[in-house]
Novice: 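This is the structure, below, for whatever I ask next.
Naming: A, B, ... by sequence-line order, numbering from 1 per chain.
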Protein chains: 2
Amino acid sequence: MNESQPTATADRILDVAEEMFAEQGYRGVSVRSITLACGANIAAVHYHFGSKQVLLEEIFARRSGAINAARLALLAQCADQPGRAPLLEQILEAYLRPSFAQPSGDKGAKRFMRLRSVVAHEQAELSKNLIARHFNATSHRFLEAIAAATPHLALEDVCWRFHFLLGAHYYTLSNPGRIQALSGDQCDPADLEAALAEMIAFAAAGFRALPCDRSQMSFAPSSAQSA
Amino acid sequence: MNESQPTATADRILDVAEEMFAEQGYRGVSVRSITLACGANIAAVHYHFGSKQVLLEEIFARRSGAINAARLALLAQCADQPGRAPLLEQILEAYLRPSFAQPSGDKGAKRFMRLRSVVAHEQAELSKNLIARHFNATSHRFLEAIAAATPHLALEDVCWRFHFLLGAHYYTLSNPGRIQALSGDQCDPADLEAALAEMIAFAAAGFRALPCDRSQMSFAPSSAQSA
DNA sequence: GTCTATAGAGCGATAGAC
DNA sequence: GTCTATCGCTCTATAGAC
């Protein structure tokens with residue numbers, strides 16, 4: 001009857017910890033409060049995982065596999081064919097959609113995005129290692145695909161713009177309240193399909209822009225424009 | 001000789017705390033370590049500020065005034081004239097440049113950007129209040145200016161795209177290491193003029209894009225594209 | 001205004017009974 | 001595998017001498 005839950009307690013801890021870390025930060029959530037919230041004993045985290053940090057690493061490992069697999073599966077379906085969206089838009093959707101929501105309808109992917117953002121700020125060194133271990137390979141696959149679709153850009157430009165996309169992506173899924181405050185509640189951050197469509201349109205246009213020209217700056221300090 | 005430093009200790013605490021909070025997080029830095037790092041007594045923070053949180057609020061108050069003033073001064077200089085960059089690019093530069101570096105050459109503006117990002121994740125509620133108090137008015141001025149320069153967009157689209165710009169902006173100044181890892185050290189995050197030029201080109205193109213069309217999605221779950 | 005000393009609370013982690 | 005009890009540590013904040 002319960003052969004499908006050999007370590008039900010460990011799974012419950014992973015679920016609850018992911019949610020609490022994402023919403024209250026890593027340092028802001030104690031091992032005590034995690035076990036209390038999921039009905040386990042205070043010592044359960046250290047029994048199942050060994051330490052608070054290993055628990056965090058297990059959360060990363062569990063999520064990243066599914067997201068990477070979904071991204072690469074969609075990337076494999078991208079094709080420059082008549083009647084479909086332009087290839088660049090397809091690639092961007094293949095990259096972004098799995099971190100908005102999994103096909104199963106699980107909303108945890110979005111929460112995990114906020115968790116990554118939280119950890120990047122609170123545990124910079126650990127975050128660098130985890131992101132590199134779990135996401136570098138897939139990110140580079142997409143960087144290459146985008147570079148191939150934007151032959152007018154030097155690789156350096158592609159990297160900067162992909163970096164900006166990452167920032168917009170993290171911020172949108174991590175700070176859903178900010179756009180409500182900015183727009184006077186006209187934008188609904190819970191409408192993930194709208195956010196995704198807006199982000200793809202914005203980023204695709206950004207990637208298509210001509211390489212920037214630094215001499216076109218209006219207020220550079222050396223040109224003594226103002227003071 | 002020292003009439004210019006009536007509260008030298010408080011100023012030193014503000015400087016050191018801003019740097020330590022930005023690099024190690026708010027919860028990750030103790031009042032003890034701040035006072036130790038700036039040679040003050042352990043009790044100095046509570047004598048001068050009353051609490052750790054008020055110290056953080058004073059850091060916000062001190063920086064935000066200068067940044068807002070610089071932004072609005074540059075915005076007032078923006079004009080759609082031949083021989084200058086397009087108006088949209090001018091507005092974006094007026095918004096972004098003061099948070100990359102102040103005219104005085106002070107690098108603290110960039111550090112303060114990372115501090116805001118850190119606090120947004122660790123102290124979500126406090127951050128919301130501080131950001132609204134110090135930045136909402138100026139941000140709305142720029143939202144209006146951008147909206148006027150992009151008459152093809154609904155206000156909702158302008159808000160989403162401004163939100164994406166905020167995300168790219170925060171991420172670039174908060175996670176300088178990520179673009180080095182992504183680009184194989186081809187992009188130099190310390191070259192702030194390059195980052196600024198790239199960001200303006202990317203965002204300006206994004207704002208100029210046509211409104212997005214949600215029916216153009218390639219992998220929406222309801223269309224049963226894959227599984 | 002600067003210092004020492006400490007209160008009072010919460011933390012991660014562990015030992016050892018069951 | 002689950003529990004209680006507790007160790008040893010760090011934290012913010014404060015009291016009170018100088």
Side-chain angles (χ1 to χ4, degrees), chain A residues 1-60 115 118-119 121-123 125-127 130, chain B residues 1-18 20-60 115 118-119 121-127 130:
Chain A
M1 188 204 254
N2 64 353
E3 65 181 2
S4 66
Q5 33 185 324
T7 51
T9 300
D11 281 339
R12 250 172 32 240
I13 290 173
L14 284 167
D15 288 336
V16 170
E18 182 183 60
E19 179 172 355
M20 296 182 74
F21 285 155
E23 290 178 11
Q24 305 170 56
Y26 175 70
R27 286 193 170 104
V29 174
S30 68
V31 171
R32 279 174 162 77
S33 65
I34 295 168
T35 53
L36 189 73
C38 69
N41 184 268
I42 297 185
V45 165
H46 293 97
Y47 174 77
H48 288 287
F49 301 97
S51 74
K52 186 182 180 182
Q53 178 173 318
V54 172
L55 168 59
L56 178 65
E57 295 183 12
E58 289 298 316
I59 292 172
F60 266 72
L115 174 57
V118 163
V119 175
H121 290 93
E122 282 188 295
Q123 307 282 331
E125 201 57 33
L126 174 60
S127 164
L130 289 174
Chain B
M1 190 205 245
N2 63 354
E3 65 181 2
S4 65
Q5 33 185 325
T7 52
T9 301
D11 281 340
R12 249 172 32 239
I13 290 173
L14 284 167
D15 289 336
V16 169
E18 182 181 61
M20 295 181 75
F21 286 155
E23 290 180 9
Q24 305 171 56
Y26 176 71
R27 287 192 170 104
V29 174
S30 67
V31 171
R32 280 174 160 76
S33 65
I34 295 168
T35 53
L36 189 73
C38 70
N41 184 268
I42 296 185
V45 165
H46 292 97
Y47 175 77
H48 288 287
F49 300 97
S51 74
K52 186 182 180 182
Q53 179 173 317
V54 173
L55 167 59
L56 178 64
E57 295 183 13
E58 289 297 316
I59 292 171
F60 265 73
L115 173 57
V118 163
V119 175
H121 290 91
E122 280 187 294
Q123 308 281 330
E125 201 57 32
L126 174 60
S127 166
L130 288 174

Novice: Whole Å only: how far is the CD atom of A:Gln24 from the P atom of C:dG10?
Specialist: 15 Å
Novice: Using only atom types and a distance under 3.5 Å, with no angle test, would you say the side chain of B:Glu58 pairs donor to acceptor with the backbone of B:Phe49?
Specialist: no
Novice: Measure the distance from CD1 on B:Ile34 to C1' on D:dT10 and round it to the nearest whole Å.
Specialist: 15 Å
Novice: Nearest-Å distance, CD (B:Glu122) to P (D:dC11)?
Specialist: 14 Å
Novice: Specify the residues of residues 39-51 of chain A, ordered by number, for which at least one heavy atom lies under 4.0 angstrom from an atom of DNA chain D.
Specialist: A:Asn41, A:Ala43, A:Tyr47, A:His48
Novice: Enumerate the side-chain hydrogen bond (donor to acceptor under 3.5 Å, both in side chains) contacts for residues 35-51 of chain A, please, sequence neighbours excluded, ordered by first and then second residue.
Specialist: none
Novice: Before giving the answer on side-chain contact (heavy atoms from CB on, under 4.5 Å), spell out for B:Leu126 and B:Leu56 the whole-Å C-alpha distance, their side-chain angles and the decisive distance to 0.1 Å.
Specialist: CA-CA 10 Å; B:Leu126 174 60; B:Leu56 178 64; 3.8 Å; yes
Novice: Given D:dC11, C:dT2, D:dT6, identify the nucleotide with an atom nearest to the side chain of B:Thr9.
Specialist: C:dT2
Novice: Does the structure place the NZ or CZ of A:Lys52 under 6.0 Å from the centre of the six-membered ring of A:Tyr26, at an angle of no more than 45° from the ring's axis?
Specialist: yes
Novice: Indicate, yes or no, whether a donor-acceptor pair under 3.5 Å links the base of C:dG10 to the side chain of A:Arg32.
Specialist: no
Novice: Rounded to the nearest Å, what distance is computed from the CZ atom of residue A:Arg27 to the P atom of nucleotide D:dT10?
Specialist: 14 Å
Novice: Using atom NZ of B:Lys52 as one end and atom P of D:dT10 as the other, report the distance to the nearest whole Å.
Specialist: 15 Å
Novice: Main chain of B:Cys38, side chain of B:Arg12: is a donor-acceptor contact present, judged purely on distance under 3.5 Å?
Specialist: yes
Novice: Is A:Ser30 close enough to C:dC11 that one of its side-chain N or O atoms is under 4.0 Å from OP1 or OP2 there?
Specialist: yes
Novice: Evaluate the criterion side-chain contact (heavy atoms from CB on, under 4.5 Å) for residue pair A:His121 and B:Glu122; output intermediate values, then yes/no.
Specialist: CA-CA 9 Å; A:His121 290 93; B:Glu122 280 187 294; over 6 Å; no
